[in-house]
Amino acid sequence: MKIKLSRRGLITGAILGIAALIIPKIWQKSKSPASALANERERPNFDDENLIFFTPDEYILIYDLAEQIIPSEGEDAPGASDIMLANKIDRFIADNLEQDVQNDIRNFLETFAAGSDALRGQGFSDLTPEEQREYILFWKNFPSLSLLRGAFLALKRLIIAVYFSTKESWDYIDYGGPLNVYVDPFRGRVL
Amino acid sequence: MRLSADVVIVGSGPGGAVMAKELSEIAGLSIILVDAGPYVLERYYQQLELKMTELFWERGNRVTDDLSTQILQARCVGGGTVVYTGTAHKVPDFVLNDWAGRWRVEGFTRGDLDAGYERVASNMFITEHTEEDWNDNNRLFVEACTGNNIGVENLKRFVDKCIGCGFCYQGCKYRRKVTMLNTYLPKAFANGVQLISNFHVNEVLYDPKTKRASGVKGVVKPTPPLAERNSVPEGSLEINARLVVMAAGAINTPSILLRSKSLPDLGAALGRFVLMQNAHNVHILMPYKVSMIRGIPKAASTKEFLDSHRFVIAPAQNHPIATANDVTGFGLNWKHLMRYFHNLLQWQVICGDDPHFTNYVYLDSTGKTNVRYLYSPDYIERQIAGLRTCARLAFSIGAERVFLGPTKNGYVTNRNMNALDHHIHRKYFSPGRFSLTTAHPQGGCRMGGNPKHSIVNSNGRAHRINGLIVSDASIFPSPTHVNPVYTILAATTLIALRTKEDIDKLLE
Ligand SMILES: Cc1cc2nc3c(=O)[nH]c(=O)nc-3n(C[C@H](O)[C@H](O)[C@H](O)COP(=O)(O)OP(=O)(O)OC[C@H]3O[C@@H](n4cnc5c(N)ncnc54)[C@H](O)[C@@H]3O)c2cc1C
Ligand code: SF4
C-alpha cells in the first residue's frame with residue numbers, strides 16, 4: 001500500500017487504512033485496564049443548524065477532545081465546555097482556514113474516530129473520560145507514524161489557540177490582552 | 001489584466017524592499033513591486049495573537065510534510081520585518097568561509113558584507129540595548145550566564161525608542177520597530193515604484209525567442225478589511241518585464257520557480273538544500289512572578305557557543321497561545337501550570353542545520369507547496385547541547401521546571417538537575433513529539449560558483465537563463481547560524497548595487 005507523505009494527502013484513505021491496521025495492535029499493548037462503565041456525561045443540546053463546519057458527530061468529538069485537553073473546574077477556572085469552545089472552533093475553522101486545511105482537519109477527525117471504533121467498537125465520545133484520556137495519550141505518543149503524532153499536535157494547537165483567544169481564559173491566567181491604548185511616546189516604557 | 005514595466009520584483013520583505021529602493025534610484029526605470037499579502041499600516045495592528053496570524057502564510061500553520069516543524073513566514077507587505085523582533089546580528093566569519101570555500105561564492109567576503117551592513121545601517125535605525133532595558137526575563141538570563149562564566153553581549157535591534165509593549169510578533173502598533181514599511185518601502189514609493197498587494201504570483205514567464213525570463217503571472221485577491229486599497233482590480237494579472245527579481249523568501253521563491261513550467265531547467269539544486277534554522281523555545285518556571293511579556297523582548301544574548309556548537313541563546317517573548325503550545329501536556333495539570341503564566345521566563349536556542357540535497361521544497365499532487373525535511377544527526381546533537389545549556393543556566397538561578405521538548409515528558413525539573421544529559425537526549429528528538437518552529441528558513445535557490453550545485457551566482461543572477469535575479473534568504477548556501485535579517489539586508493544590498501551597475505546590460 002502506498003503512503004502519500006504530502007501533508008495535504010496526509011489522512012487519505014491509504015493512511016487511514018494503515019492507521020486502522022496499526023492502532024489496535026499498539027493500543028492493546030499500551031492501554032491500561034479502563035473502566036467499562038458506560039459514559040453518561042452530559043453534553044449540551046446543540047442545534048445542528050448552528051454548526052458551520054463540523055458535522056454533529058465531529059462536533060461531539062471536538063467537544064469531548066477539547067474538554068479533555070482543557071477540563072472545566074468551576075467558574076474561575078473555565079474549561080472548554082464552560083465557554084462552548086467547540087462552537088468557537090467551528091466558527092474559526094469556517095471563517096479563517098483554507099479549504100485544504102479544512103479537509104486535513106476533517107480527514108484527521110475521521111481517522112481519530114476510526115481508531116476508537118477499531119479498538120473498542122465504540123466512538124471516542126462513547127468512551128469514559130479515563131478511556132478518552134488514555135486514547136489521547138496514545139495519539140500523543142503514537143509509536144510508529146510520526147505523521148499521526150504531528151497531526152494530533154496540530155489539532156491540539158488549534159484547540160489551544162482558540163481557547164487562549166478568549167477573555168475567560170485570559171482572566172484565568174491573569175493575562176491583560178492587548179494594551180489597546182495609545183502609548184504616549186514621551187511616557188516611556190511599559191514594564 | 002496585463003501590465004508592463006522594466007523590472008518586476010516579487011516579494012516586499014527585506015530582499016525585495018532593498019531591491020526596490022536601490023533600483024528606484026536609477027532614473028527612468030519603471031518598477032512594479034508585488035506581494036501576495038495585504039498592505040496593512042501599523043495603526044491597524046491589533047495585538048491579538050490569533051487575529052494577527054492573518055499576517056502569516058497559512059496563518060502560521062505552514063509545516064514540513066512530516067508535520068514536525070512549523071515554518072513561520074510573513075505574508076504581508078514588508079515581509080518578515082513586520083512580525084520580527086528586530087534582532088540585528090552580523091553573520092559570523094565561519095559562515096562566510098564556508099560560503100567561499102565549500103560553495104565557491106565570490107564577492108561575499110567580510111569586507112564586502114561590511115560595506116553592505118554599513119549601507120543598511122544608514123537606511124535603518126539600530127539600537128544597542130543596555131542594562132537599563134532589561135525586564136526580569138533579560139536580567140535573569142544575564143545573571144544566569146555571568147554566574148556560570150558565560151559571556152553575554154548587549155543585543156542590537158532594529159528599533160527606535162522601543163517602549164517594550166511586548167507585541168513584536170503581532171506587528172508594532174507604535175512604529176518603534178524599524179521595518180521595511182517605514183524605511184526602504186516609502187523611499188521606493190517616493191521614487192515612483194508601483195506596489196501591487198494581494199497579488200499571488202503563480203509563475204515566472206519565459207520568452208523562448210529572447211531566451212529570457214519575461215514577467216510573472218498570478219491572481220490579485222480581494223483586499224481584506226483594514227488593508228490599504230490596491231492599485232489594480234481583483235482577478236488574473238500578467239506583468240511583462242525585462243528583468244524579474246524573485247524575493248518571495250526561502251520556500252516561496254523556489255516553489256514559484258518550480259511551478260513555472262515554461263522556464264527551462266534552472267538546475268538540479270532548485271528547491272534543494274533548504275535550511276531549517278530553528279528558534280527552539282525554552283520556558284522556565286520560576287518560584288515567583290517575573291515580567292516576560294512586557295518590556296524589551298530581547299536585550300542581551302550569548303554567542304559563546306557559536307564557534308564551537310553553532311548556537312546562540314537569547315531571551316524571547318511569547319504570549320499565551322505560543323506559550324501554551326510549548327508547555328507540553330494536557331488536562332488538569334497542564335491547565336494549572338498555565339495559571340503560572342506570569343512565573344514563566346522564555347529563552348530561545350537558535351541553531352541552524354547543515355545543507356543537504358535531500359531536504360527540499362516540492363509541489364504536491366494538488367500543486368501546493370510542501371517541504372520535506374530530515375534533521376541531520378549533527379544538528380540534533382548541537383540543538384540538544386543548546387537545550388542542556390539552557391536548562392543548566394535556568395536551574396542555576398532557581399528554576400523549578402524547564403519546558404524544552406526532547407525529554408520524556410517535555411520538561412525537566414530541578415530534581416533532574418544532576419542528570420540533564422540523560423534526561424535531555426536525542427532519543428526523545430522524534431518528529432511530532434514536541435513543537436519545533438523555524439522563523440529563519442533559508443536556502444532552496446542557493447548561490448554558488450558551480451551551476452551543478454547552485455541556481456544563481458554571487459550577483460543573484462540565474463546561471464542558466466537571463467533576466468532572472470533572486471534576492472532573498474533562499475540564496476544562502478548554508479545557514480547564517482544567527483538571526484538572519486541583517487545579513488539578508490546586507491547581501492541583497494550587494495546584489496542590488498551590482499544589478500544597478502550592470503542595469504543596461506541586464507535589460508538588453
Ligand atoms: C515571527 C518572526 C520573527 C522574526 N524575528 C527575527 C529577528 O528578530 N531577527 C532576524 O534577523 N530575523 C527574524 N526573523 C526572520 C526574518 O524576518 C526573515 O528571515 C526575513 O524576513 C526573510 O526575508 P526575505 O526577504 O527572504 O523573505 P520575507 O521577509 O519572507 O519576504 C517575502 C515576501 O514575499 C511575499 N511572497 C511570497 N510568495 C509570494 C507569491 N507567490 N506572490 C507574491 N508575493 C509572495 C511574502 O508575502 C513576503 O512578504 C523573524 C521571522 C519571523 C516570522
Ligand atoms: S516591544 Fe517595542 S518594537 Fe516590539 S512591538 Fe512593542 S514597541 Fe514595538
Side-chain angles (χ1 to χ4, degrees), chain A residues 4-10 65 68-71 73 77 79 92 96-98 100-101 104 133 136-137 140-142 145-154 156-165 169-170 172-191, chain B residues 46-51 53-54 58-61 63-68 70 133 135 161-167 170 173-174 176 291 293-296 319-321 323-325 328-332 334-336 338-342 362 364-366 368 370-372 430-435:
Chain A
K4 246 182 154 182
L5 279 175
S6 84
R7 184 167 76 86
R8 269 87 195 176
L10 165 64
L65 182 59
Q68 279 291 338
I69 291 173
I70 312 163
E73 297 164 87
F92 178 80
N96 297 290
L97 301 186
E98 288 178 15
D100 61 322
V101 182
D104 279 356
R133 195 180 152 74
I136 292 173
L137 270 173
K140 192 170 159 272
N141 300 316
F142 205 105
L145 286 177
S146 66
L147 271 174
L148 295 179
R149 269 198 315 264
F152 177 74
L153 197 67
K156 187 182 148 219
R157 254 204 312 255
L158 174 69
I159 292 171
I160 286 176
V162 180
Y163 177 74
F164 278 113
S165 300
S169 74
W170 294 351
Y172 171 61
I173 61 168
D174 192 23
Y175 173 68
L179 288 174
N180 255 350
V181 287
Y182 173 73
V183 177
D184 183 336
F186 303 105
R187 215 183 285 156
R189 290 180 189 127
V190 186
L191 280 172
Chain B
Q46 293 179 41
Q47 304 186 332
L48 291 165
E49 258 186 304
L50 190 56
K51 171 82 187 149
T53 56
E54 284 170 11
E58 303 186 29
R59 287 200 73 129
N61 280 315
V63 280
T64 50
D65 70 4
D66 64 355
L67 304 176
S68 70
Q70 196 181 1
D133 300 328
N135 62 1
K161 302 189 192 71
C162 164
I163 59 168
C165 74
F167 286 102
Q170 283 74 44
K173 203 178 174 68
Y174 312 108
R176 301 311 167 88
S291 60
I293 54 160
R294 294 278 181 265
I296 306 293
H319 286 254
I321 295 178
T323 304
N325 279 319
T328 41
F330 68 94
L332 276 183
W334 171 84
K335 193 174 156 215
H336 291 165
M338 280 304 292
R339 192 158 222 166
Y340 290 94
F341 178 63
H342 290 291
Y362 68 97
D364 71 15
S365 52
T366 65
K368 284 275 184 176
N370 270 273
V371 180
R372 181 146 311 164
S430 45
R433 226 176 254 287
F434 56 89
S435 292

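For the numbers below, each heavy atom of this structure counts, side chains included, while hydrogens, waters and symmetry mates do not.
Asn325(B) and Arg157(A) make their closest contact through OD1-CG, 3.0 Å (heavy atoms, listed as atom of the first residue, atom of the second, distance). Closest non-hydrogen pair, Ile160(A) versus Ala324(B), comes out as CG2-CB, 3.5 Å. Of all heavy-atom pairs between Trp334(B) and Ile69(A), the closest is CE3-O, 3.7 Å. What you find for Ala161(A) and Ile321(B) is that their closest heavy atoms are O-CD1, 3.3 Å. Contact between Gly331(B) and Arg133(A) at its shortest, heavy atoms only, is CA-NH1, 4.2 Å. Closest approach of Lys156(A) and Gly329(B) over heavy atoms only: NZ-O, 3.0 Å.
Between the side chain of Tyr172(A) and the main chain of Lys335(B), a donor-acceptor pair closer than 3.5 Å is present.
At a 4.5 Å heavy-atom cutoff, the contact between Gln70(B) and chain A is made by side-chain atoms alone. Contacts between Leu48(B) and chain A at a heavy-atom distance below 4.5 Å involve the side chain alone, from C-beta outward. Contacts of Leu153(A) with chain B are made by side-chain atoms alone, with heavy-atom separations under 4.5 Å and no backbone atom involved. Interface remark: Tyr163(A) contributes side-chain atoms only to the contact with chain B (heavy atom separation under 4.5 Å). Heavy atoms closer than 4.5 Å to chain B are found in the side chain of Leu97(A), but not in its backbone.
Contact annotation: the side chain of Phe330(B) never approaches that of Ile70(A) to less than 4.5 Å [non-hydrogen atoms, C-beta and beyond]. A 4.5 Å side-chain heavy-atom check between His319(B) and Phe164(A) finds every atom pair outside the cut-off. Side-chain contact check for Ile173(A) versus Tyr340(B): every heavy-atom pair is 4.5 Å or farther apart.
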Checklist entry - Leu179(A) and Tyr174(B): side-chain contact (heavy atoms from CB on, under 4.5 Å), yes or no, with the steps? => result CA-CA 11 Å; Leu179(A) 288 174; Tyr174(B) 312 108; 3.8 Å; yes
Checklist entry - Under the side-chain contact (heavy atoms from CB on, under 4.5 Å) criterion, do Glu58(B) and Asp100(A) qualify, and how do the steps go? => result CA-CA 10 Å; Glu58(B) 303 186 29; Asp100(A) 61 322; 5.6 Å; no
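A salt bridge is absent between Glu98(A) and Arg59(B); no separation between the charged side-chain nitrogens and carboxylate oxygens falls under 4.0 Å.
Heavy-atom pairs under 4.5 Å with chain A peak, among Gly166(B), Ser68(B), Pro320(B), at Pro320(B).
Atom CZ of Arg339(B) sits about 9.5 Å away from atom CG of Asp174(A), to the nearest 0.5 Å. Annotation: the span from Met338(B) atom CE to Ser169(A) atom OG amounts to 8.5 Å, rounded to 0.5 Å. Atom OH in Tyr175(A) sits 9.0 Å away from atom OG1 in Thr323(B) (nearest 0.5 Å).
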